Amino acid sequence: MRQNSSWWVSPGPLRDSWEAATSIIARFEIEHLQCLDAEGLPVGQLPAFAEDREALLAMYRAMVLARTFDAKAVSLQRTGRLGTYASALGQEAVSVGTASAMRSEDVFLPSFREHGGQLVRGVTLVELFLFWGGDERGNVFAGPRHDFPVSIPVGSHAPHAVGVALAMKLRREPRAAVAVIGDGATSKGDVYEALNFAGVWRTPVIFVINNNRWAISVPVEKQTASRTLAQKAIAAGIEGLQVDGNDVIAVRAAVERGLERARGGGGAAWIEAVTYRLGDHTTADDASRYRDDALVSPHWHDEPIARLRRHLVHRGMLQKNDEESLLEDCRSAVEAAANEYMATPPQDPLSMFDHLFAVSPADLKRQREAFAATMTVTTSPRSTR
Amino acid sequence: MRQNSSWWVSPGPLRDSWEAATSIIARFEIEHLQCLDAEGLPVGQLPAFAEDREALLAMYRAMVLARTFDAKAVSLQRTGRLGTYASALGQEAVSVGTASAMRSEDVFLPSFREHGGQLVRGVTLVELFLFWGGDERGNVFAGPRHDFPVSIPVGSHAPHAVGVALAMKLRREPRAAVAVIGDGATSKGDVYEALNFAGVWRTPVIFVINNNRWAISVPVEKQTASRTLAQKAIAAGIEGLQVDGNDVIAVRAAVERGLERARGGGGAAWIEAVTYRLGDHTTADDASRYRDDALVSPHWHDEPIARLRRHLVHRGMLQKNDEESLLEDCRSAVEAAANEYMATPPQDPLSMFDHLFAVSPADLKRQREAFAATMTVTTSPRSTR
Amino acid sequence: MSELSLVQAVNAALRRAMIDDSHVIVLGEDVAVDGGVFRATDGLLREFGTERVIDTPLAEAGIVGLSIGLAAQGMRPVAEIQFTGFMYTCMDQLLNHASRLRNRTRGRLNCPLVVRSPCGGGIRAVEHHSESPEAMFAHVPGLRVVIPSSAARAYGLLLAAIRDADPVVFLEPTRLYRAARDEIVDDGTSLPLDKAFNLRSGTDATLIAWGALVHESLAVAAELASEGISVEVIDVATLKPLDTETILASVAKTGRCVIVHEAPLTAGFGAEIAARLAEEGLSSLLAPIVRVAGYDTVMPLPRLEHHYLPDTRRIAAAVRRVLAYR
Amino acid sequence: MSELSLVQAVNAALRRAMIDDSHVIVLGEDVAVDGGVFRATDGLLREFGTERVIDTPLAEAGIVGLSIGLAAQGMRPVAEIQFTGFMYTCMDQLLNHASRLRNRTRGRLNCPLVVRSPCGGGIRAVEHHSESPEAMFAHVPGLRVVIPSSAARAYGLLLAAIRDADPVVFLEPTRLYRAARDEIVDDGTSLPLDKAFNLRSGTDATLIAWGALVHESLAVAAELASEGISVEVIDVATLKPLDTETILASVAKTGRCVIVHEAPLTAGFGAEIAARLAEEGLSSLLAPIVRVAGYDTVMPLPRLEHHYLPDTRRIAAAVRRVLAYR
Ligand SMILES: Cc1ncc(C[n+]2csc(CCOP(=O)(O)OP(=O)(O)O)c2C)c(N)n1
Ligand SMILES: Cc1ncc(C[n+]2csc(CCOP(=O)(O)OP(=O)(O)O)c2C)c(N)n1
Ligand SMILES: [Mg+2]
Ligand SMILES: [Mg+2]
């Protein structure tokens, strides 16, 4: 029997201060994981993969590639050669750390800000440009055939991840699904429903929350009163964990552990990766309307690429010329892809009819024919960019 | 720095058993409240209202009235004089305890199994019969004008409760909204969205979860992996509490405390009341298809009316003849209401057109006229029951 | 060969599909242990086990959403939504994802999903248990929409829906669950998903209906036959894709058309059929089209429900009206 | 009097309504500090404060659901759903509750709620940002559906919607947000919610449209006028309740009718208009009705989007077709 617990005492006036006969029936803790501090120095022992220089360099390169892609995409958008684009500036560790933990046979279900992870998974730069350039062929993914395309309706892919994972579980495959969602997405009912399904069925699914602290103009403090996003897992009886999302080693370690548990039958995991959105929400957004630069600038010190670089340098794993050639590699890969993208002719407009059904119904075929007839009337198709 | 926490160790094989650099950043406890044990004996000191015999007798009477209504409703349904009906057998304490804690100016938003609470709020027996008899006038509520009608889509009224509470908060009224939902409803996204809104805006709303352990044929263990339903509040940064839902004193005490906090600006509360559905899901259900009587019978010992009766008898607050007259009162009130219900002629069929809009559009008026014309053609209206 | 009710036919088709294809799994609220609140999935748990017949938590959007994930992974989920009134929360998943996954990925991923749900009124149920939202689903590119009106058609069309490579919304009229019965050979023969059923041929007028009201329409045709009026009755069980040919051919013959549905009139699927006639069959029309539909009101609670539902009286009056037009 | 764009007219109407009635509050994602992603709510936070202009968490069903609670308590919530593609999750709340609360309680509770949302394509946006689901909302008894096509109509209709005692779905064509401009006197004058706008009178054919395509329709009428063809253009800005009279009167005069909308053809709202003509205006029709609509496909991503959207070429061809019919 207890009294004066938070329920009975605070907040608000205390009137009925009788000795309520309560007992504690459940306790929970939320942990935070960090492997590198802001200066790139190890905090405690590092996970095994961090002994492997190649593994670290691969992640470093992936983050740099993502950021290079990002800058190019923004500049193409500014000059009218790409559609509205969501930059991932400063959040590369969440995406890259997550995807680096996965096996190729796993399935990645990204939100619209996980370019880095998609690249790690084998989506090509050209595919990414095509997608953001408004071309469905950007979702064809010659590489990861089972990965999902970007999900635009926030959080709506969370239940898909549970279904993918359930299929794997029913077939007894040692695979898992990994969905990335934003902090804003954690307010959505479909995400919660997915989490609850994942909990009760112990499906091999990992939810990674890219907590970049903003949902467009809404800071995470106005998104939810829960002190951490990790604790939302408690509602579904799932293990939740918070990681430093600017620490790519920590992100990868957490997701790897989650995947390992999931493959071993341990069920779902929910990992909040705390990072920061350094740029605008998208190219259509002007963040200066709702947040001061002064709020943003301190976070530049924490950004994940510099942190890993400091770590690599500290460990003598990255020389100046390594870095220069890596940067140059990324730059030329991105330039080449951008050029290939821009040289790609648009799809045949008739393609809009051809992928709704495995077998087109007669009705739709007729509409296709009617459209084809109007096409031939037009002398030259209007410019598409 | 810690190691060997649940995240890193269990379940599943332990491979990367490096010393993960985790720290605990949040801790939570879930309390359980009981005021009367199964035998009706006090557990610890009782809340102030429990010193008041009238208050306890009023709750006792309300539970008995609800159960009497319930039995009559089931019997009318069985004989074709009422529609499908959801019995609240065994769950009267949740409903009555909750409503007894409320002030008349608060707003009650019940699920379809809270007849007891509705009666306490001032909904009449005749209104309840009309509603379950398939007559919209049963939702007119001469008494609690602002209370919501029963919500049939499970959990969908949870966001309404937040809106009602927000209106109260914006107007700085010391009022609160109280929504009752089932254990099954806690799986729904809209309920979670509502909870999250309530948390971040600290609206004066109390969610009471009637955890009767079943959602039709699905036991709560198959509904969610969360050990308690109370802990779901943690996801929204709200205080959660579990109470013994067969202990009407505990339910009322918890809801009263929640309301008091809410009125004092303390925001929302989420109270799981653990009880048991002793009957079928509804009159359309046959629970023997999915659960053994042997599973149910032990719960008869815990049922709330007997518990409060034992308590009252123990404290000398209820004599045999008090009880007989109380039972008789309830029975005759229910019989009178049933007769009044059955004697109530159906609404004018034209009424189906008259309440969609404050001002009917021309189109709808024309449909109404066309319908009226077909009505006059009919010689005698078909029997409606 | 045995006589089955519509709900038994659904059950038989599910069973057949599960025997034929191990990827078919059934999931939904109360579908496993309880066998479904209408018993549509009765016995499947016993026969196919807990990994193929799955009771879900109470969360319709999630059920459809996770079924999309299952389908994208090559499974063939058949999800039950307990009543069509609880399908509106699934709209987002159906419209934004199920119907689009193939197109979005140019065929790389696809979504062979069936969402079954009991629809329509007339069973004196509480609110939200009597909905007819077929027009909304039919408006969604990439979805197929089916509403059987007989046990035999339920069997054949459900099999086709489950075998189809794309998402199908399969609405089952509750009013017919026990009332409609047929002799059915459970041999796995499916019916095409794009052909309307000409149930009774006639020369004076065409009655177009689907779902439960097919029966009222047939009754009216029979009634009028006794007066020498010959009414053709078409069951548009596969609403989408719509079999315009069968409709146009019939109206070309009769020149007069009544369209019957239970859903509210405005923007109901009857409008689409009328529009196609006004576009492609205008010259055949000897009389204005008449729609007999639910009113633009909320279906009343049971005591007044029968006033809302189109009945033989209203249908017969409409047929007489189109016949009287000169 | 000042020239305002459509989005500025929306802003002005919101401001006016908030000045006039302290119960009006605006809520939605990014509506307060950011002023809305299209700036429709710009400046309202500064003027009316955090208790009347509320940034919400990211949860559309919840936003509409809690707005119903606010409305039932006598507030006048104007909720913004950031894009119509994210309104499908609100379908349940709109259809099962907002539209029914008054009827369900025989008028004891009611729901004066406006849900605003930018709709339609043509802004080269990512998927789900170009939807036209008006037909679905128009099918729901108890909802009003409005789509303005000019700044002035946006102003007058939004004021009317906010003052109306019942729920209104108010869809704003993004393509017109900056493109459509009018001189507007911000004096609080509203427009009726049940009258179609006859924007150009003509005698040879009737063009019926709503939303952004009203402009393409007007352009076609102007183009054809130079050839001596006289086309009447009707803007059905208040889709529900539908002003059938104005449509019937026009077609009675012209005998020929083309209906234009951006949403997919099948079960789009054009079907309802065609159906009403086939029911009540058949004898006026000198030619088959033609609908120029989106195809029954998913609106393509931006590179092919313009192939999907009905354009002046398709509309003009349709008008010529109905005119050529003898
Ligand atoms: C369901 C839904 N509602 C609204 C939007 C519009 N929108 C796009 S991104 C965004 C904010 C998302 O925030 P968060 O989940 O934190 O992801 P982030 O953008 O920060 O990566 C919003 C509101 C959307 N895409 N989907
Ligand atoms: C959204 C929704 N889905 C399904 C149903 C059908 N249904 C009615 S009650 C019920 C179970 C509800 O369980 P719970 O929330 O525990 O409440 P209880 O019936 O136990 O009081 C279901 C599935 C419904 N009414 N609403
Ligand atoms: Mg974010
Ligand atoms: Mg329950």
Side-chain angles (χ1 to χ4, degrees), chain B residues 107 109 136-142 145-153 156-173 175 177 179 189-201 203 205 347 351-364 366, chain D residues 22-23 25 27 51-52 54-75 77 89 92-93 95-113 141-144 164-167 193-195 238 240-245 276:
Chain B
V107 171
L109 298 98
E136 288 81 357
R137 289 171 298 183
N139 285 332
V140 176
F141 299 177
R145 298 293 297 168
H146 291 283
D147 279 11
F148 270 53
V150 156
S151 177
I152 302 287
S156 61
H157 54 305
H160 306 166
V162 178
V164 167
L166 180 60
M168 293 163 169
K169 179 175 171 147
L170 292 174
R171 294 190 299 236
R172 296 185 166 62
E173 297 164 347
R175 300 163 63 202
D190 41 10
V191 170
Y192 167 74
E193 290 188 3
L195 189 64
N196 190 57
F197 276 102
V200 74
W201 291 343
T203 49
V205 55
Q347 297 170 92
S351 65
M352 75 170 140
F353 295 96
D354 295 341
H355 301 282
L356 269 94
F357 297 97
V359 181
S360 273
D363 221 38
L364 192 58
R366 262 191 307 271
Chain D
S22 66
H23 296 96
I25 64 175
L27 73 167
E51 300 206 338
R52 295 187 62 197
I54 304 175
D55 276 330
T56 65
L58 207 169
E60 286 80 5
I63 292 170
V64 172
L66 77 91
S67 295
I68 293 169
L70 282 165
Q73 272 288 308
M75 304 298 285
T89 48
D92 173 55
Q93 287 292 341
L95 194 156
N96 278 338
H97 292 300
S99 67
R100 294 177 172 214
L101 195 55
R102 178 188 291 278
N103 184 69
R104 183 179 296 149
T105 61
R106 303 281 102 162
R108 180 172 62 85
L109 298 178
N110 52 59
C111 189
L113 160 67
L143 285 187
R144 292 176 190 272
D164 195 75
D166 293 299
L193 287 177
D194 54 2
K195 278 269 157 279
T238 54
K240 177 96 176 264
L242 179 63
D243 173 8
T244 317
E245 281 66 38
R276 298 223 176 176

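In what follows, every chain begins at residue 1, and chains take the letters A, B, ... in the order their sequences are listed. Bear in mind the structure is a predicted one, so any value in this text is a computation, not a measurement.
Looking at D/Thr89, there are no atoms closer than 4.5 Å to chain B (heavy atoms on both sides), in backbone or side chain. In this structure, no portion of B/Val191 lies under 4.5 Å from any heavy atom of chain D. Both the backbone and the side chain of B/Ser351 come within contact range of chain D, each with at least one heavy atom under 4.5 Å from a heavy atom of that chain.
Contact tally against chain B (heavy-atom pairs below 4.5 Å) for D/Asn103, D/Asp92, D/Leu193: the top residue is D/Asn103. Among D/Asp194, D/Thr56, D/Asn110, the residue with the largest count of heavy-atom pairs under 4.5 Å with chain B is D/Thr56. Heavy-atom pairs under 4.5 Å with chain D peak, among B/Ala358, B/Pro149, B/Ala158, at B/Ala358. Here D/His97 is the residue among D/Met75, D/His97, D/Lys240 with the most heavy-atom pairs under 4.5 Å with chain B. Of the residues considered (D/Gly65, D/Cys111, D/Pro167), D/Gly65 shows the highest number of contacts with chain B, using heavy-atom pairs under 4.5 Å. Ranked by heavy-atom pairs under 4.5 Å with chain B, the list D/Pro241, D/Pro57, D/Ser99 is led by D/Pro57.
Counting only heavy atoms from C-beta outward, the side chains of D/Thr105 and B/Val140 never approach each other to under 4.5 Å. When side chains are defined from C-beta on, D/Leu109 does not count as touching B/Phe141, because their heavy atoms never get closer than 4.5 Å. Put simply, the side chain of B/Gln347 reaches to within 4.5 Å of the side chain of D/Arg106, judged on heavy atoms. Looking only at side-chain heavy atoms (C-beta outward), D/Leu70 and B/Val164 stay at 4.5 Å or farther from each other.
Of all non-hydrogen atoms in D/Gln93 and B/Pro159, the two that sit nearest each other are NE2-CG, 3.6 Å. Nearest heavy-atom pair, D/Asn96 versus B/Pro153, reported as atom, atom and distance to 0.1 Å: ND2-CG, 4.2 Å.
B/Glu173 CD to D/Gln73 CD: the interatomic distance, rounded to the nearest 0.5 Å, is 7.0 Å. Distance check: D/Leu101 CG to B/His355 NE2 gives 13.5 Å after rounding to the nearest 0.5 Å. Remark: B/Leu170 CG to D/Ile54 CD1 distance equals 5.0 Å, nearest 0.5 Å. For the atom pair OG of B/Ser360 and CG of D/Asp166, the computed distance is 9.0 Å after rounding to the nearest 0.5 Å. Taking CD1 of D/Ile25 as the start and CG of B/Leu166 as the end, the distance is 5.5 Å to the nearest 0.5 Å. Residue B/Phe148 holds its CZ atom at 8.5 Å from CZ of D/Arg108, rounded to the nearest 0.5 Å.
Taking a cutoff of 4.0 Å between a charged side-chain nitrogen and a carboxylate oxygen, B/Glu136 and D/Arg102 do not qualify as a salt bridge.
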**Item:** Chi angles and distances behind the salt bridge (Lys or Arg N to Asp or Glu O under 4.0 Å) call for B/Asp363, D/Arg276
**Value:** CA-CA 12 Å; B/Asp363 221 38; D/Arg276 298 223 176 176; 2.8 Å; yes
